[in-house]
Every structure is written in C-alpha cells, then in structure tokens.
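The structure appears below as structure tokens.
Whatever order the structure lists them in is the order used to number ligands and atoms, beginning at 1.
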Amino acid sequence: MQKICITGGNKLRGSVEISGAKNAALAILPAAALSDGVCRIENVPAISDINLMCKLLQDLNVKVKMINKNTIELDPRNIQCSIASYDLMRNIRASCYLLGTLLGRFNESNVYLPGGCDFGTRPIDQHIKGLSALGAKCTIDGGLIRAKSEKLKGTNIYLDVVSVGATVNIMLAAVKAEGMTIIENAAKEPHIVDLANFLNCMGADIFGAGTDVIKIKGVKKLRGVTYSIIPDQIEAGTYLTAALATGGEITIKNVTPRHLESITAKLKEIGAKIYEYSDSIRLISGEKLKKCNVKTMPHPGFPTDMQPQIAALLTQAEGTSIVNEAVWDNRFRYVEELRRMGANISVDGRLAVIEGVSELTGAAVKATDLRAGAALIIAGLSAKGETTIENISHIERGYENIIEKLKNLGADIKKIKQIDYESEVAGL
Ligand code: UD1
C-alpha cells in the first residue's frame, strides 16, 4: 500500500493537460456494448474506475483492447447476457449502467446493486421506475436486480428527482426500444450530452440532451464508431481550486470552459482572475481569498463533486463561508480530516460553516472518498509542513496521474510506501 506525502507552501505555476471525463467514459463504455460493431473510444482517462468497468465488460465477454493508455477498442459482438462479478460491481457505482445496456440488448439483465463512493443513501428507485415504464418487470432479490421484458416500448417517463444515473440507464435501455421515449426532468450534465452524442454517432435518434426533456426514438441497429470523450470538468475544477489555494497561476488545457462556468464563477467570487480561451482557462490568484457561499445543485448548478475541494479552499478565505450540500445527505465526512489540519468547520446536517482564515498545518489524514481525497490534497498543498494521505486508492479512481501533474506545476508531492502495521502485528 502507498500513501501521498505533500510538503505544503509551493505556489502552483505552469500548465496542465486535463484528461477525459470519468463520468462520461463510465457511461460511454457500457453504451458501446450496445453496438453491432467495434467501437474505438479515445481520450479515456487512465484511472482505476475505467479499469474496473473494462473488467466488468470482459466478464460479459466483450473484447477489450487497449490501443494506448487513453484509447480503448471494444468489440461487443459476442457479448453474453450473464451476471458480472459481484466483487467488481460492488466497487463501482457505474456498474448499474449494465442494467440498461443488457436490457436494451437482450431484453433481460441481472445486475448486483452498485457500490461507489459512500455519500449516505444512494437509491435506484428512479432507474427502476424508468425501466419498468419501458415494459421491464424489475425485482430486487438478495442484492441482485433482475429486469426482464418481452419487448421494450417507448413511453413518457417523468423523473421525480434529477438523477444522472437514472437518465443514463433509461437512455441505454430506450435507444433500441420500439417507438418514442420521452424523459422529463432529465439530468443535463455535460456527460449526458456526451453519451447522447456518442449514441447518435452509432445511429441512435436522440434529441434534447442537455435540456430537461430528452426524446429518444428507438432504432433497430447501432454501428461501431470512433469517438473522443469530453474533458473532465471536475478534474479541471480541482486543479484551478488547488492553484488558487496556493496563491498560484496556472493554465488548464484541453477543457470546455462552458462546462466549468458554475465553478469559475465561484472562484472569481473568491478572488481569482479567470481568462477563458477556446479550449483552455488561465487562473491568476488575487491578493486575498474572500468568503463565499456555495450550494450544490444538478447541472448547470455548482457540482456536488466539487464541494469538498471548494470547502478546502474556503478554509483559507477571510470571513465565514457556508456550504450547502443539496444533492447528497452525507458528503461532509472529510471535514473531520480537514479539522486535523487545523480547519475551523462545523457541520449541521447538509450545511457546513467554514470560519476562515485557518492556518492549516500538515497532518496524517485519510481520504474517505474520491473528491474528499482531492480536498485533502488541496489542503496539504496550502498547509505548513508535511501532510500524508492514506487510502489513496480512492483518489486513483478518478484522477489520472495526479502526482506527476501536480509535480509539473511545482508541488512538492510524492507517493511513499505505507507501512502496514496490521500485517506486521499479525505476523508477530
Ligand atoms: C452521479 C455521479 C456522481 C455525482 C452525482 C451527482 C457517476 C458515475 N457518478 O452519481 O459522481 O456525485 O451523479 O452529480 O456519474 N436519487 C434518487 N433515486 C434514484 C437515483 C438518485 O432519489 O433512483 C437521488 C440521489 O439520492 C441523489 C440525487 O438523486 O440525492 C442525485 O443522484 P444521481 O444523479 O443519480 O447520482 P449518481 O448517478 O449516482
């Protein structure tokens, strides 16, 4: 096992290439399994969640070939409607997309309840509601979701909550269903648009992705295509936030600035100067960081996946900031770790009150989930002294090459071997 070791205080400077979007790739790889030909997917981030998704697809007999570290070729022509491994599924939330994929392809799917980051309850009632409306009989038994239909038929589906996962699953099942499916109150995230663009390249007939009404006219066949994934706006937002926390100046490259508007708007409020170009953004830190209130919301609101990172930044801002987590019920578990570093944050339910400026000092902390890990890195970069972060497998789930990218920006950061005291004691 390894941990990350950071000596704080260096201002981030220079430029960094942003990788492909994790959450788009995690929807597009299973979508490729609906195709009647071979798909080549480019700009796929080299992260462990993608490795897991590839293993899941291989378990279903999809041929997966790595062309290079960011390009994957998928040949689903001999895909089987079997049950993918429980051990793989429980580690990744997006494994539930196989429900829509297999149902769309075979009119049947059997998938274990998904895992992923623990933000409190993560229901799938809206996925089931949508697939049932399309004509699938869905049951959950012993942790296994079974969905079966004679034939899927297009219909109107109104989502009671805006759900990325339910929108993706319904799109995957409906793309080859008979007739027209209309998803109302659909998620509008950039990765929903990317999935629709990918499916349309394969021959699907999807209209309205990016608005809250998505219309899907079922087609009989989907062809193999070559497609490039959009840049990751959360990875991009994380580097911008880290640069501002250290008082630095950076340019992020290979981004779509429009996807980052809710994030850059807040960074400006906190004190950054932001310059947007066609596919890059430059951030220059101001003299001081100012307090700011943030409420997370579905796109185009401020993304919940940037909430821990901005909270870490706000510990360094003057005054009292309030962060309202309006998407998940339990996404402040990292606060305890930031407190070890000297942060002054109190949490009441879905509200965190951050008193700045706290002088952060390096400490030994643990990543409680993916974005919590990113927040600890940001805190470590701006803290005095040395911070060590355990449980870095969470961070590696979603950030390609983060150590090298930060080093190139001037951070003093490395991976070191973690002594496994438990096994040492067990071996005594
Ligand atoms: C996806 C992202 C995750 C992000 C989240 C919100 C992936 C792989 N993960 O997760 O990083 O934090 O979007 O932007 O893309 N809900 C229900 N019933 C359902 C489904 C969801 O009530 O059937 C609720 C959830 O409890 C939550 C809200 O809807 O409060 C949003 O969840 P959803 O958009 O579905 O998140 P995921 O797709 O799981």
Side-chain angles (χ1 to χ4, degrees), residues 20-31 45 47-50 52-53 56 89 91-101 111 113-133 138 140 145 147 157-173 183 185-195 212 229-230 232-235 237-238 259 262-263 295-310 324-334 349-350 369-375 394-395 397-399:
K22 164 177 116 37
N23 289 346
L26 287 173
I28 284 173
L29 295 180
I47 51 175
S48 63
D49 262 15
I50 294 296
L52 271 176
M53 179 54 83
L56 272 171
M89 289 212 168
N91 282 313
I92 174 173
R93 181 74 187 167
S95 62
C96 71
Y97 295 158
L98 295 175
L99 195 60
T101 300
V111 163
L113 283 166
C117 288
D118 179 7
F119 312 139
T121 47
R122 294 190 76 168
I124 56 155
D125 57 303
Q126 299 304 305
H127 303 230
I128 303 292
K129 174 181 170 175
L131 301 180
S132 304
C138 301
I140 302 181
I145 316 163
I157 301 163
Y158 177 82
L159 294 180
D160 301 327
V161 289
V162 179
S163 160
V164 171
T167 305
V168 169
N169 246 334
I170 297 167
M171 286 168 76
L172 294 174
I183 312 174
N185 201 25
K188 298 185 283 232
E189 269 66 6
H191 36 287
I192 297 287
V193 179
D194 208 30
L195 173 65
D212 47 21
I229 305 266
I230 54 165
D232 196 311
Q233 83 268 29
I234 303 299
E235 189 200 10
T238 302
H259 293 167
S262 61
I263 301 168
K295 181 175 182 180
T296 65
M297 276 190 274
H299 192 80
F302 188 87
T304 171
D305 290 352
M306 273 300 299
Q307 180 262 101
Q309 300 91 310
I310 202 134
N324 181 346
E325 173 52 57
V327 177
W328 298 109
D329 9 277
N330 187 10
R331 206 172 185 171
F332 286 124
R333 291 191 311 145
Y334 64 88
R350 287 178 172 226
D369 62 58
L370 165 58
R371 307 303 170 185
H394 284 301
I395 300 169
R397 284 189 39 223
Y399 289 93

Handout entry: Separation between NZ of Lys129 and CD1 of Ile124, rounded to the nearest 0.5 Å
Key = 14.5 Å

Handout entry: Spatial distance of atom CD1 (Ile140) from atom CG (Leu113) [nearest 0.5 Å]
Key = 5.5 Å

Practice task
Return a yes/no value for Ser163: is any of its N or O atoms, backbone included, closer than 3.5 angstrom to an N or O of ligand 1?
Solution key: yes

Practice task
Output the list of atoms in ligand 1 that are nearer than 4.0 Å to some heavy atom of Arg331, sorted by atom number.
Solution key: 12 (O)

Exercise for the section: Measure the OG1-CD distance between Thr238 and Gln233 for me, rounded to the nearest 0.5 Å. Expected result: 10.0 Å

Exercise for the section: May I ask you to identify the nearest protein heavy atom to atom 37 (P) of ligand 1, giving residue, atom name and distance to one decimal place in Å? Expected result: Arg122 NH2, 3.8 Å

Handout entry: ligand 1 N/O within reach of Leu26 N/O, cut-off under 3.5 Å
Key = no

Handout entry: Trace of the side chain to side chain donor-acceptor pair (under 3.5 Å) decision for Asn169 with His127
Key = CA-CA 6 Å; Asn169 246 334; His127 303 230; 3.0 Å; yes

Handout entry: Minimal non-hydrogen separation, Ala31 against Thr101, with atom names
Key = N-OG1, 4.3 Å

Handout entry: Which residue and heavy atom of the protein sit nearest atom 32 (O) of ligand 1, plus the separation
Key = Trp328 CH2, 3.5 Å

Problem - Closest approach of any protein heavy atom to atom 12 (O) of ligand 1, naming residue and atom - result: Asp305 OD1, 2.6 Å

Practice task
Starting from atom 23 (O) of ligand 1, find the nearest protein heavy-atom neighbour and note its residue, name and distance.
Solution key: Gln126 N, 2.7 Å

Problem - Tyr399 side chain reached by Arg371 side chain, heavy atoms, under 4.5 Å - result: yes

Fill in the blank from the handout: min-distance protein heavy atom vs atom 16 (N) of ligand 1 -> Val161 CG2, 3.7 Å

Problem - Option whose closest heavy atom lies nearest to atom 22 (O) of ligand 1, chosen from Ala25, Pro123, Pro303 - result: Pro123

Handout entry: Close approach of Met53 to ligand 1, heavy atoms, under 4.0 angstrom
Key = no

Handout entry: Atom indices of ligand 1, in the order listed, that fall short of 4.0 Å to a heavy atom of His127
Key = 23 (O)

Practice task
May I ask you to say whether Lys22 pairs ionically with Asp232, meaning some side-chain N is under 4.0 Å from a carboxylate O?
Solution key: no

Exercise for the section: Rounded to the nearest 0.5 Å, what's the gap from CD on Gln126 to CD1 on Ile183? Could you check? Expected result: 11.5 Å

Practice task
Write down the atom of Leu56, the atom of Ser95, and the distance for their closest heavy-atom approach.
Solution key: CD1-CB, 3.6 Å

Completion exercise
A student comparing Asp49, Asn169, Val164 should find that the heavy atom closest to atom 33 (P) of ligand 1 comes from Val164

Exercise for the section: Starting at OG1 of Thr296, measure out to CD1 of Ile310 and round the result to the nearest 0.5 Å. Expected result: 11.5 Å

Problem - Nearest non-hydrogen protein atom, atom 38 (O) of ligand 1 - result: Gly165 N, 2.8 Å

Handout entry: Thr304 neighbourhood, listing ligand 1 atoms whose heavy-atom distance to it stays under 4.0 Å
Key = 6 (C), 12 (O), 14 (O)

Handout entry: Which of the ligand 1 atoms, numbered from 1, are nearer than 4.0 Å to a heavy atom of Val327
Key = 27 (C), 30 (O), 31 (C)

Fill in the blank from the handout: Residue, atom and distance of the protein heavy atom nearest atom 9 (N) of ligand 1 read Asn23 ND2, 3.7 Å

Exercise for the section: Please write down residue, atom name and distance for the protein heavy atom closest to atom 18 (N) of ligand 1. Expected result: Asp125 OD1, 2.8 Å

Exercise for the section: Mark yes or no: Arg122 above the aromatic ring of Trp328, with NZ or CZ under 6.0 Å from the six-membered ring centre and no more than 45 degrees from the axis. Expected result: yes

